[in-house]
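Remarks on the structure that follows.
Predicted, not measured: the structure shown is a model, and the values here were computed from it. So you know, we letter chains A, B, ... as the sequences are listed, proteins then strands, and number each from 1.
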Amino acid sequence: MSPSTRDREPWRAPRGMRDVLPEEAPAWDRLEGAARRLSRSRGFREIRPVLLEETELFTRSVGEVTDIVEKEMFTLKKGDTSLSLRPEGTAGIARAYLQAGYAKRAPVQKLFTVGPMFRYERPQKGRDRMFTQFDVEVIGTLDPRADVEVVHLAACFFEDLGIEGLEVRLNSMGDGADRDAYRAALRAFLAPKMDRHCDLCRSRFERNVLRVLDCKNPDCQALHEGAPGILDFLSPENRGHFEEVGALLESLGRSVVVDPGIVRGLDYYTRTVFEVHYPALGARSALCGGGRYDHLVRDLGGPDLAAVGFAIGFTPTLLVLGELGLLDDLPESVPEAYVVAADAAGRREALAIAEELRSAGIGATFDLEERGLKAQMKVAGKVGHLLAVLIGEDELARGAVTIKDMVRREQREVPRGELTRAVRAILGSAEPG
RNA sequence: GUGAGUGUAGCUCAGGUGGUUAGAGCACCAGAUUGUGGAUCUGGGGGUCGGGGGUUCGAGUCCCCUCACUCACCCCA
């Protein structure tokens, strides 16, 4: 027998997952609104891929030896099928793109999506197991202007939210031969001195050589002196592409910092990689990461189409906005009118009055607890309704309603037939334009 | 996965060396003002002191276990 409900501890959301409560919804609205508005105004189309994919889609695209695939996916098994909640957005979008046939009928697509991703990992500051991302992808072109569209959009998103002093860091990982050549060169450079590096470096040396250079340990840093730089290995073509992206961004007034240290962790990245930082945050200042994945579509069984994109996590973004005080004064949306019932007779009529206002396109609600007149007025004022419509025996007897302007604290009685007109008059004067 | 910290009312927190019915502020409800809001005053409701076990005459307080949260590492989509 399972324990009764009384015996267990209160239900709570699964570890690392949090509810967005009504009080927090305005902030989320703001982020989602900015993401959609800025994307659409640039010709990006919204796509909403399924949240579950066949597990193998992620192992193929992200790389089988990464932690992501090895232990950080929420996987559901049922019969012969193994499905996983998406740990990132790109693979699903590329899959949907192929499935929809865009590769043949309209290969160049500018796409975006906003939605939840899932990662089974130890929760930490700014890192939840269910988190929301704003994902942007341009699939089907290697045009440097596509890179610029993507990078610039990421930066504009943060600026639209009011974050200033951003730093766009740019790098190229090359592609194919030059990428391989660089890895080999770096490996050759580091190999003789690996015994003097820290454990972390040795681990990275095996896993992902490029990340060895990320080590913060001063001793290791010293050993990195003279290490080969990726930019010196780029083919003329890739070098030209990288420089063109930078030049075009500068031409838009978007200054960039070339940072050879930027190494995205996933296997599928090629050529352009970038991060948008808010340096004031210090060690963990990256708000956005992205880059090219020019062979992902091919690896998923489609044609060899180039693509570039980014992901912005809402959690770190909200953290920054909160610290900057940019989330204060974000009011919840409330209906304009609050219908206040003075007595039992008024309570019956409140419903009809609210509905009449709603029919006229005016938001209206009322108390559901048979609370006193004073308590209802208090709610109306506190919640932020612009006006109260008071109804009770007196008004009913006279075929009238009392309308109170909550902002000006003035009220007057009008014939019931004048209700919407009088309400509109108050709303019109309260919100000029 | 590793390490550390914290768990007392819806929220933020008090509760020296264990000692009777566990407190405050905010929030909430009601009244003062028998039909009217953000102030004030008065009163009120609300707590498995994370959970379990142990020590003790007695545990919010000490010990063990466990769970949750937080922070860092790892990893980074």
Side-chain angles (χ1 to χ4, degrees), chain A residues 3 6-18 21 23 58 61-63 65-73 84-93 116-129 131-135 137 198-200 203-204 207-208 211 214-217 263-269 275 283-284 286 288-291 293 296 309-313 315-316 338 340-343 345-346 369 371-396 402-411 413:
Chain A
R6 292 180 66 84
D7 293 334
R8 84 189 302 288
E9 294 193 33
W11 297 98
R12 31 170 48 255
R15 180 164 202 201
M17 303 192 186
R18 56 186 84 234
L21 301 175
E23 294 85 342
F58 300 118
S61 58
V62 176
V65 297
T66 60
D67 274 9
I68 297 173
V69 164
E70 285 178 340
K71 51 193 182 192
E72 293 181 5
M73 289 205 295
S84 292
L85 285 161
R86 60 183 186 189
E88 56 117 21
T90 304
I93 289 175
M117 311 290 164
F118 303 83
R119 169 184 54 203
Y120 185 85
E121 212 197 11
R122 191 101 171 229
Q124 198 180 308
K125 183 168 192 174
R127 315 200 68 176
D128 298 324
R129 286 181 168 185
F131 54 100
T132 298
Q133 277 192 345
F134 170 28
D135 267 279
E137 324 281 354
C198 65
D199 291 345
L200 176 55
S203 157
R204 284 174 169 171
R207 270 180 110 85
N208 185 345
R211 285 188 51 81
D214 275 357
C215 187
K216 310 290 188 296
N217 187 322
V263 177
R264 305 259 77 215
L266 301 194
D267 291 355
Y268 59 56
Y269 282 105
E275 292 175 357
R284 230 193 350 274
C288 166
Y293 46 99
L296 178 60
F310 69 68
I312 291 175
T315 311
Y338 191 78
V340 174
D343 44 46
E369 299 177 70
R371 297 210 285 185
L373 177 58
K374 180 173 178 166
Q376 294 178 62
M377 289 304 300
K378 195 172 171 182
V379 169
K382 182 167 193 169
V383 172
H385 298 285
L386 296 175
L387 55 87
V389 177
L390 207 166
I391 182 73
E393 276 182 23
D394 297 357
E395 284 82 1
L396 282 169
T402 297
I403 300 176
K404 177 162 190 176
D405 183 327
M406 297 302 287
V407 180
R408 295 192 176 130
R409 296 168 163 259
E410 299 165 354
Q411 72 176 49
E413 189 173 293

Return the polar atom pairs (N/O with N/O) between nucleotides 1-3 of chain B and the protein under 3.5 Å, or none.
unit_1: B:U2; atom_1: O4; unit_2: A:Arg122; atom_2: NH1; d: 2.8
unit_1: B:G3; atom_1: O6; unit_2: A:Arg122; atom_2: NH2; d: 3.4

Give the nucleotide from the list [options] with an atom nearest to the side chain of [X].
{"X": "A:Arg119", "options": "B:U33, B:A77, B:C28", "value": "B:A77"}
{"X": "A:Lys125", "options": "B:A72, B:U70, B:A77", "value": "B:A72"}
{"X": "A:Arg18", "options": "B:A77, B:C28, B:U70", "value": "B:U70"}
{"X": "A:Lys382", "options": "B:A77, B:A30, B:C28", "value": "B:C28"}
{"X": "A:Arg127", "options": "B:U33, B:C76, B:A77", "value": "B:C76"}

Over all strands shown, is [X] touching base, sugar-phosphate only, or nothing at heavy-atom distances under 4.0 angstrom?
{"X": "A:Arg15", "value": "sugar-phosphate"}
{"X": "A:Lys378", "value": "sugar-phosphate"}
{"X": "A:Gly16", "value": "sugar-phosphate"}

Whole angstrom value for the distance that separates [atom2] of [N] from [atom1] of [X]:
{"X": "A:Arg204", "N": "B:C76", "atom1": "CZ", "atom2": "C1'", "answer": "10 Å"}
{"X": "A:Arg371", "N": "B:C29", "atom1": "CZ", "atom2": "C1'", "answer": "8 Å"}
{"X": "A:Leu390", "N": "B:G37", "atom1": "CG", "atom2": "P", "answer": "11 Å"}
{"X": "A:Ile312", "N": "B:A77", "atom1": "CD1", "atom2": "P", "answer": "14 Å"}

At less than 3.5 Å, do the side-chain atoms of [X] and the base atoms of [N] form a donor-acceptor pair?
{"X": "A:Gln411", "N": "B:U36", "value": "yes"}
{"X": "A:Gln133", "N": "B:A77", "value": "no"}
{"X": "A:Lys404", "N": "B:G37", "value": "yes"}
{"X": "A:Glu395", "N": "B:G35", "value": "yes"}

*Under the 3.5 angstrom rule, does the side chain of A:Asp128 hit a backbone N or O of A:Thr315 as a donor-acceptor pair?*
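Side chain of A:Asp128 to backbone of A:Thr315: no pair is present.
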*Is the side chain of A:Gln133 donor-acceptor paired with the backbone N or O of A:Glu88 at a distance under 3.5 Å, no angle test?*
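Checked: no pair found.
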*Does a side-chain N or O from A:Arg211 land closer than 4.0 Å to OP1 or OP2 of B:C76, or not?*
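For B:C76, OP1/OP2 do have a side-chain N/O of A:Arg211 under 4.0 Å.
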*Mind checking which stems touch RNA chain B? I mean at least 3 consecutive Watson-Crick or G-U pairs, both distances under 3.5 Å.*
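So the stems come out as B:1-7 with B:67-73, B:10-13 with B:23-26, B:28-32 with B:40-44, B:50-54 with B:62-66.
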*Pick the P atom in B:A32 and in B:G15, then give their distance to the nearest Å.*
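To the nearest whole Å, 39 Å.
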*asked:* As an exercise, state the distance from CG of A:Leu390 to CE of A:Met377, rounded to the nearest 0.5 Å.
replied: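 Taking CG in A:Leu390 and CE in A:Met377, the distance rounds to 6.5 Å.
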*asked:* I'd like to know if A:Arg119 and A:Glu121 make a salt bridge, using a cut-off of under 4.0 Å between side-chain N and carboxylate O.
replied: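 Here A:Arg119 pairs with A:Glu121 in a salt bridge, since their nearest N and O are under 4.0 Å apart.
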_Any A:Glu137 side-chain heavy atom under 4.5 Å of A:Thr90 side chain_ =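 A:Glu137 vs A:Thr90: side chains touch.
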